[in-house]
**Q** 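Have a look at this one before I ask anything.
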Number of protein chains: 2
Amino acid sequence: MPQRDPFRVSEVASRRTGLAKSPLSRDAIVDEALRQFTSEGGDAVTLRKIAKALDTGPASLYAYVDDMAELRALVLDRALAAVEVDQGDGPWRERLEALLRSYIRVLMTSPALARMSSQTIAVGPNALRIAEALLGILEDAGVDRLTAAWAVDMLSAFVTSVAAEHAQGADPVAPGGPVAQALDRAPASRYPRVHAAREDLVSGTGEERFAWSVDVLVRGILSRAGV
Amino acid sequence: MPQRDPFRVSEVASRRTGLAKSPLSRDAIVDEALRQFTSEGGDAVTLRKIAKALDTGPASLYAYVDDMAELRALVLDRALAAVEVDQGDGPWRERLEALLRSYIRVLMTSPALARMSSQTIAVGPNALRIAEALLGILEDAGVDRLTAAWAVDMLSAFVTSVAAEHAQGADPVAPGGPVAQALDRAPASRYPRVHAAREDLVSGTGEERFAWSVDVLVRGILSRAGV
DNA sequence: AGCGGTTGACGAACGCGGTTCGTCACGATT
DNA sequence: AATCGTGACGAACCGCGTTCGTCAACCGCT
């Protein structure tokens, strides 16, 4: 039990005048939710915890937010505000990789955020900002508009995929992790190729795999684009 | 309160001898769970509903399953048993596309299944079976082992991504859907490229986009492979 | 200055989720 | 026939999102 502050009554009064306590706005709610999403141990972010942190009850939040789903969407877009979209004026290839790297880094701030991004389609202003930047880079690369549009979809899906994979427990590919265990348990008789490639399947750092995957995507996209 | 059946005692007795009722095994639990995952409206599959369908209480399942997480993993792998891996003896490109198509079709059996597949890394025997087949196809394509191993990862992630995207509400890209709405709301002044490409971003059927994406991935992978 | 009407905040409760615990009936063993 | 260990189960716990009815504070009137 947190200590019940006897001065609480005056706080309530002051809350209306909006001096000591923030008067509970939509922004304040989203801010606190994002703070919990990123700072917390990464466990479940709940409406009740957010309310408690804002020194109120769960019901009060419903004046500003329709739904937990809406709140999640708002939080995701606010988180995406941290994605750095303007990556200097180097060659487009470097700018693309830097943008995707920033995108991934933001999503990996917390497992909860990464999980959310793979379940919610981001359609907020910041998602649009990222899409706009990607289209610009692909334009510089000489990719036609339709190809670029579809490529934006693939690149976004790729980023959320990588983040989601990273979200469930520290590096499942690491030695001793569930993947390595499963590969060791796989009998060579039934899965000869998996067995033969068991080291390759878990080789490389996250960094290397990321760069490799981006390269595969870029080559594929360029080879489809009417240069 | 559900009516208390006086005949219940005899049912318990018959359950022990395992005649009328299946005597509650791990397989029976996973079977029923998968049935609910696929047949149900696609909503949340809960331990309690599974128990009720098996004519018992939630606590009884814990004799056979450690966790809801373990149950989910078991269900996912059992679902993957339906993926058709042996796709005739045509050219590798067709076999690859057919395999991925079967994979996606299975995951799209229900939204709940699709959502699960993007959160849980599949490491069961059926996941290994699919990986084995993919490695075989890529081998036929002349892809070296390391490239093939990493490509398996990308292809799997791609499949679960597509399924997850499809999982949240009937086609978000459809006209009137949240994506189209967001694009219409996007001011051309701030997002000129997004605005210009707003039709391309939502164009194409799921089929066309799937084929296009696979083509991008294959081209990228081949161009990295030391043929 | 006094006064309804509107609105936002809140306590309490509802239904449902996964999980745990103590009990008791069962089938096998002595 | 008596006993024992096992495992199925009812009941309960705690936390979740959400809803409802109430009440106090603010606003624009007269």
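We name chains A, B, ... by the order of the sequence lines, and we start the count at 1 in each one.
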**Q** Could B:Arg78 and B:Asp31 be called an ion pair, given the rule that one side-chain N must be under 4.0 Å from one carboxylate O?
**A** yes
**Q** For C:dA9, does OP1 or OP2 lie under 4.0 Å from any side-chain N or O of A:Thr56?
**A** no
**Q** Using whole Å, what does the distance between atom P of nucleotide C:dG17 and atom CD of B:Gln36 come to?
**A** 11 Å
**Q** Starting at atom CG of A:Leu47, determine the distance to atom C1' of D:dG15, rounded to an integer number of angstrom.
**A** 13 Å
**Q** Only pairs under 3.5 Å count here: list side-chain donor-acceptor contacts from residues 199-209 of chain A, not counting sequence neighbours, and write none if there are none.
**A**
from: A:Asp200; atom 1: OD2; to: B:Arg145; atom 2: NE; distance (Å): 3.1
from: A:Ser203; atom 1: OG; to: A:Asp200; atom 2: O; distance (Å): 2.9
from: A:Ser203; atom 1: OG; to: B:Trp150; atom 2: NE1; distance (Å): 3.2
from: A:Thr205; atom 1: OG1; to: A:Glu207; atom 2: N; distance (Å): 3.4
from: A:Thr205; atom 1: OG1; to: A:Glu208; atom 2: N; distance (Å): 3.1
from: A:Glu207; atom 1: OE1; to: A:Arg101; atom 2: NH1; distance (Å): 2.4
from: A:Glu207; atom 1: OE2; to: A:Arg101; atom 2: NH1; distance (Å): 3.0
from: A:Glu208; atom 1: OE1; to: A:Thr205; atom 2: N; distance (Å): 2.9
from: A:Arg209; atom 1: NE; to: A:Ser203; atom 2: O; distance (Å): 3.0
from: A:Arg209; atom 1: NH1; to: B:Asp153; atom 2: OD2; distance (Å): 3.2
from: A:Arg209; atom 1: NH2; to: A:Leu201; atom 2: O; distance (Å): 2.4
from: A:Arg209; atom 1: NH2; to: A:Ser203; atom 2: O; distance (Å): 3.4

**Q** Taking only residues two or more places apart in sequence, or in another chain, which ones meet B:Glu32 in a side-chain hydrogen bond (donor to acceptor under 3.5 Å, both in side chains)?
**A** B:Arg35, B:Gln36
**Q** For B:Pro187, give me all partners under side chain to side chain contact (heavy atoms under 4.5 Å, CB included), at least two apart in sequence or on another chain.
**A** B:Ser189, B:Arg190, B:Tyr191
**Q** Holding to side chain to side chain contact (heavy atoms under 4.5 Å, CB included), I want the full list of residues that pass it with A:Ala122, two or more places apart in sequence or in another chain.
**A** A:Leu76, A:Leu80, A:Ala127
**Q** Using a heavy-atom cut-off of under 4.0 Å over every strand shown, decide if A:Ser60 touches base, sugar-phosphate, or nothing.
**A** base
**Q** Among D:dG17, C:dT19, C:dG18, which nucleotide has an atom closest to any side-chain atom of B:Arg48?
**A** C:dG18
**Q** Give the minimum heavy-atom separation between A:Val83 and A:Arg129, together with the two atoms involved.
**A** O-NH2, 3.0 Å
**Q** Over how many whole Å does the gap from A:Arg26 atom CZ to C:dG8 atom P extend?
**A** 13 Å
**Q** Separation of A:Leu61 atom CG from C:dG8 atom C1', in whole Å?
**A** 13 Å
**Q** What bend angle does the helix from C:dA1-D:dT30 to C:dT30-D:dA1 show across its length, from five-pair end axes and to the nearest 10 degrees?
**A** 20°
**Q** What is the distance, to the nearest angstrom, from the CG atom on B:Leu71 to the C1' atom on C:dG17?
**A** 14 Å
**Q** What is the separation between atom NZ on B:Lys52 and atom P on D:dG10, rounded to the nearest whole Å?
**A** 11 Å
**Q** What residues form a side-chain hydrogen bond (donor to acceptor under 3.5 Å, both in side chains) with B:Ser117, not counting sequence neighbours?
**A** none
**Q** Counting just side-chain N and O atoms, does B:Tyr64 come under 4.0 Å of either OP1 or OP2 of D:dA8?
**A** yes
**Q** Base, sugar-phosphate, or nothing for B:Ala63, non-hydrogen atoms under 4.0 angstrom?
**A** sugar-phosphate
**Q** Heavy atoms from C-beta onward define the side chain here; which of C:dT19, D:dG17, D:dC20 lies closest to that of A:Ala59?
**A** D:dC20
**Q** Consider the side chain of B:Thr46, meaning its heavy atoms from C-beta on, and name the nucleotide among C:dT19, C:dG18, D:dT18 that approaches it most closely.
**A** C:dG18
**Q** Measure the distance from CD on B:Glu70 to P on C:dG18 and round it to the nearest whole Å.
**A** 15 Å
**Q** Need to verify one output field. Residue with the more 5' nearest nucleotide on DNA chain D, B:Pro58 or A:Asp66?
**A** B:Pro58
**Q** For B:Tyr62 and D:dA11, what is the distance between atoms OH and C1' respectively, to the nearest whole Å?
**A** 15 Å
